[in-house]
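Each remark here refers to the structure printed beneath this line.
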There are 2 protein chains.
Amino acid sequence: MITPATGPAHEEARKGPAPADRMPTIKDVAELAGVATSTVSRALSKPDRVNQHTRQRIQEAAAQLNYVPSSQAKGLSSGRTGTVAVLVPDITNPFYFDIIRGTQHQLKAAGLTQLLVDTEESSEMELDALHKMRRSADGFVLAASRLTDAQLAEVAGSQPLVTINRASADAPSVVIDTPSAIIQALDHLASLGHNRVCYVGGPPTSWSNEMRWKVFEEDSRRRGMETHRIGPFIPKTTSGAAAADAALRTGATACVVFNDLLAIGMLQRLQARGIRVPEDMSIVGSDDIFGADFCNPPLTTISSPIEQAGRVAVAMLLSQLNPVPGGASRKLAVMPTHLTIRQSTGPAPD
Amino acid sequence: MITPATGPAHEEARKGPAPADRMPTIKDVAELAGVATSTVSRALSKPDRVNQHTRQRIQEAAAQLNYVPSSQAKGLSSGRTGTVAVLVPDITNPFYFDIIRGTQHQLKAAGLTQLLVDTEESSEMELDALHKMRRSADGFVLAASRLTDAQLAEVAGSQPLVTINRASADAPSVVIDTPSAIIQALDHLASLGHNRVCYVGGPPTSWSNEMRWKVFEEDSRRRGMETHRIGPFIPKTTSGAAAADAALRTGATACVVFNDLLAIGMLQRLQARGIRVPEDMSIVGSDDIFGADFCNPPLTTISSPIEQAGRVAVAMLLSQLNPVPGGASRKLAVMPTHLTIRQSTGPAPD
DNA sequence: CAACTTATGGCAATCGCTTGCCGCAACATT
DNA sequence: AATGTTGCGGCAAGCGATTGCCATAAGTTG
């Protein structure tokens with residue numbers, strides 16, 4: 001009874017009503033229901049286009065065969081893949097986990113699936129992925145893109161995409177307004193009596209790193225503080241030791257750190273060196289990632305609605321993919337942030 | 001010069017040599033190179049099948065058009081999607097991050113892309129995803145599957161899959177050998193003088209939770225300890241408070257906790273209640289996730305090669321997808337674990 | 001009752017690529 | 001010179017859906 005399979009049929013698992021080894025196609029459903037494939041297709045996607053009675057027969061047939069349409073074939077004609085690629089520089093980094101969580105959530109709600117890509121902090125890999133996946137994803141979410149402005153502009157011109165934490169005139173972006181919270185942080189530090197402050201820098205290719213530094217420099221100077229900058233550092237806890245040592249050498253009494261990962265690494269190093277936080281040195285992180293609340297001491301940091309940023313990014317992408325005739329879609333979303341004060345900041349020493 | 005696009009052509013971004021708005025197809029390449037599409041196809045996938053000279057001409061044409069084959073169309077004929085779905089119960093949980101990192105790594109190496117799915121701890125969603133994505137993924141990696149044995153057996157019979165932390169006779173599995181480290185942990189606790197111990201349970205549907213408890217019970221009894229079990233708890237830090245309170249009520253002096261997330265949550269609660277760890281209560285976590293080393297106090301825990309487990313799972317899946325004629329592929333991989341002693345365990349009180 | 005609509009389902013082209021089969025030319029072999 | 005080999009490309013048939021167009025039947029309208 002089994003159709004002579006073309007490929008090497010694997011023999012196991014032919015229990016139950018499974019008709020053949022092969023996946024059921026729309027044709028099988030059509031035959032079982034006694035209609036043409038076109039009717040099956042319509043019954044399944046445009047129910048109104050088909051007679052109530054026929055439709056039901058088809059649905060039963062489909063259910064009986066356990067039929068699932070091939071997304072590939074569907075995509076072939078429609079040109080859509082039902083997929084969105086999310087590119088992050090480093091899956092290792094909890095910051096991106098939250099983004100991923102956000103995009104995943106929103107994509108699922110839209111019936112799309114998420115293709116996750118780690119670009120390993122490399123603009124080449126990013127560009128390459130963007131290129132290779134052009135055909136396999138309907139759109140892209142670029143988290144903390146490492147692309148140059150020119151590259152980004154070019155890519156944005158040829159495929160739907162939205163960036164996170166990387167503003168650009170050429171692509172819709174959602175940016176997290178960390179700068180304004182940096183001002184809050186400096187305020188906080190100033191009120192604690194700090195006047196020698198240090199910015200601990202992240203990856204040189206990071207757009208948000210530059211933004212943060214710019215605001216930090218400007219605002220701390222305005223306040224008449226002694227401003228230092230160290231870095232760049234790879235934003236991982238393991239770089240924290242070098243960062244902490246360098247920070248100590250500057251003589252600053254408080255650091256604003258590119259991100260929490262690095263800040264937590266510094267905390268560990270400072271503790272190891274017997275430097276007390278916040279008594280001897282205050283530390284402000286950024287992002288409020290998983291772990292910032294239970295490290296030792298709990299980290300004062302800039303809380304960002306990261307997951308929400310991921311969700312908004314997807315929403316913007318969707319409105320780009322299915323434009324509504326009326327309104328132009330939003331080109332920029334700014335996510336608010338705030339300073340969360342925990343225990344890694346305190347009065348300046350002396 | 002522009003072909004009258006069928007859809008509403010978007011006008012921007014027609015800079016550069018982009019010929020039309022449409023993506024170049026194999027046909028475009030064929031025309032430009034002056035050959036048939038079949039030749040292009042072969043030149044690109046089976047280079048030997050085509051003359052060196054022709055091949056080069058084709059490659060140039062492809063490069064010039066910036067051609068990328070449609071994975072959809074490719075898949076249509078080959079039946080492959082070039083994609084593997086990874087199902088995790090909760091993307092929120094750092095444990096799975098490490099798995100994802102591992103699978104991602106190995107998949108990329110194999111030229112496959114990863115479809116990430118969050119099943120939200122629900123066996124229905126898991127089953128549903130497995131069903132709906134049957135056609136869009138070549139195989140599945142089920143991390144900590146919530147499926148029943150019967151469900152798992154059925155699914156495993158009809159599609160290539162490998163499980164992580166869920167042994168089954170019906171599917172290749174990689175399991176993390178936490179149980180043997182639980183014995184180590186009890187050894188450690190016993191040597192510190194603890195004789196009232198408590199297992200803090202995770203999700204009732206978790207296979208590994210059951211395994212851990214079984215070993216815990218058996219071994220602690222064998223040692224003549226007073227054995228308690230509390231739970232189930234949702235394995236998040238937020239459940240830690242309830243878990244900590246319940247643990248305290250048992251009178252145990254040491255807890256072995258289902259996972260680090262829960263353990264860290266307990267740490268926080270115990271600290272809030274003024275219970276000192278490890279002086280008043282020792283805590284042993286499980287998995288050694290991100291954060292276990294910098295929480296307060298740093299957590300004694302069962303270190304697991306999580307990322308590696310993800311990698312091995314993919315390797316096993318691949319050998320299932322591309323079976324070598326000779327050897328039968330491995331059905332079970334056991335990943336070794338060990339106890340990492342930090343500062344959340346200490347001598348029993350009294 | 002003729003002329004129109006409308007509802008419904010089938011036919012066949014199409015999407016982009018792969019692949020079995022065939023043809024042809026250039027060599028190699030008796 | 002006749003007959004095999006090879007190497008190389010083209011033809012055309014799929015793969016599994018979608019969809020424009022058409023045919024048929026049934027219901028409406030004047």
Side-chain angles (χ1 to χ4, degrees), chain A residues 3 5-7 20-59 61-62 65-82 132-136 138, chain B residues 3 5-7 20-59 61-62 65-82 132-136 138:
Chain A
T3 26
T6 52
D21 200 0
R22 175 179 58 80
M23 298 259 176
T25 74
I26 200 175
K27 206 169 160 188
D28 300 318
V29 178
E31 274 167 15
L32 183 57
V35 296
T37 62
S38 45
T39 307
V40 175
S41 173
R42 281 190 282 253
L44 265 26
S45 47
K46 333 179 160 29
D48 298 340
R49 185 61 177 67
V50 111
N51 182 288
Q52 147 83 19
H53 186 250
T54 322
R55 189 198 318 162
Q56 187 170 332
R57 202 149 36 91
I58 291 175
Q59 280 165 344
L65 292 177
N66 200 10
Y67 168 72
V68 178
S70 149
S71 52
Q72 313 218 88
K74 182 170 330 198
L76 232 207
S77 9
S78 73
R80 294 236 164 163
T81 62
K132 292 223 178 101
M133 305 184 71
R134 225 176 5 156
R135 304 293 293 274
S136 30
D138 292 339
Chain B
T3 25
T6 52
D21 200 1
R22 180 179 52 80
M23 296 257 175
T25 74
I26 200 173
K27 206 169 158 187
D28 301 318
V29 179
E31 273 167 17
L32 183 57
V35 295
T37 61
S38 45
T39 307
V40 175
S41 173
R42 282 190 282 253
L44 264 27
S45 49
K46 331 180 159 32
D48 298 341
R49 185 63 177 67
V50 113
N51 183 289
Q52 147 83 22
H53 186 253
T54 322
R55 188 196 322 161
Q56 186 169 333
R57 201 148 38 91
I58 292 175
Q59 280 164 344
L65 293 176
N66 202 11
Y67 167 72
V68 178
S70 149
S71 52
Q72 314 217 90
K74 182 170 333 198
L76 234 207
S77 9
S78 73
R80 293 240 165 161
T81 62
K132 291 223 178 102
M133 305 185 70
R134 223 177 6 154
R135 304 293 295 274
S136 32
D138 292 340

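Letters go in sequence order (proteins before strands), and every chain restarts at 1.
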Short question: side chain of B:Arg80, backbone of B:Gly75 - any donor-acceptor pair under 3.5 Å? no

Could one point to a donor on the side chain of B:Arg49 or the base of D:dG9 with an acceptor on the other under 3.5 Å away? yes

Nearest listed nucleotide, side chain of B:Val35, among D:dG10, C:dG10, C:dC17: D:dG10

Donor-acceptor pair (no angle test) under 3.5 Å: B:Arg42 side chain, D:dG10 base: yes

Distance check needed: C:dG10 P versus A:Lys27 NZ, whole Å only. 15 Å

Are B:Thr39 and D:dG10 close enough that a side-chain N or O sits under 4.0 Å from OP1 or OP2? yes

With sugar-phosphate meaning primed atoms plus P, OP1 and OP2, does A:Ser70 contact a base, only sugar-phosphate, or nothing at under 4.0 Å between heavy atoms? sugar-phosphate

Contact summary for B:Gly82 and B:Asp138, nearest pair of heavy atoms: N-OD2, 2.9 Å

Looking at the base of C:dG9, is there any donor atom on it, or on the side chain of A:Arg55, that sits under 3.5 Å from an acceptor on the other one? no

Please evaluate the base of D:dC8 for a donor-acceptor partner in the side chain of B:Thr54 within a cut-off of under 3.5 Å? no

Rounded to whole angstroms, how far apart are CD on B:Gln72 and C1' on D:dG16? 12 Å

Apply side-chain contact (heavy atoms from CB on, under 4.5 Å) to residues A:Gln72 and B:Arg135 and explain how you reach the verdict. CA-CA 8 Å; A:Gln72 313 218 88; B:Arg135 304 293 295 274; over 6 Å; no

Rounding to an integer number of Å, can you tell me how far B:Gln52 CD sits from D:dG9 C1'? 16 Å

Output the single nucleotide from C:dC15, C:dG9, C:dC17 whose closest atom is nearest the side chain of B:Ile26. C:dC17

Which heavy atom in B:Val50 sits nearest to a heavy atom in B:Arg55, and how many Å separate them? CG1-CB, 3.4 Å

Whole Å only: how far is the CG atom of B:Leu76 from the C1' atom of C:dT18? 10 Å

Any side-chain N or O of A:Asn51 less than 4.0 Å from the OP1 or OP2 oxygen of C:dT8? yes

Of the nucleotides D:dT19, C:dT18, D:dG16, which one has an atom closest to the side chain of A:Ser38? D:dT19

Taking every non-hydrogen atom, the tightest pair across A:Leu76 and B:Ala73: CD2-CB, 4.0 Å

Just how far, in rounded Å, is C1' of C:dG16 from CG of B:Asp28? 10 Å

Over how many whole Å does the gap from A:Arg22 atom CZ to D:dG16 atom P extend? 7 Å

Touch check for B:Ala36, heavy atoms < 4.0 angstrom, all strands: base, sugar-phosphate only, or nothing? sugar-phosphate

With DNA chain D as reference, determine whether B:Ala73 or B:Val40 sits nearer its 5' end, using the nearest nucleotide of each. B:Val40

Given C:dT19, is OP1 or OP2 found less than 4.0 Å from the side-chain N or O atoms of B:Lys46? yes

Please give, in whole Å, the distance from D:dG9 P to B:Asp48 CG? 13 Å

Taken to the nearest whole Å, CG/B:Leu44 to P/C:dT19 is 13 Å

Closest nucleotide of DNA chain D for B:Gly34 versus for A:Ser41: which of these residues is on the 5' side? B:Gly34

Minimum-distance pair of heavy atoms, taken over all atoms of A:Val29 and A:Ile58: CG1-O, 4.0 Å

Remember a base hit wins even if backbone is also touched, and classify A:Thr25 as base, sugar-phosphate or nothing at under 4.0 Å, heavy atoms. sugar-phosphate

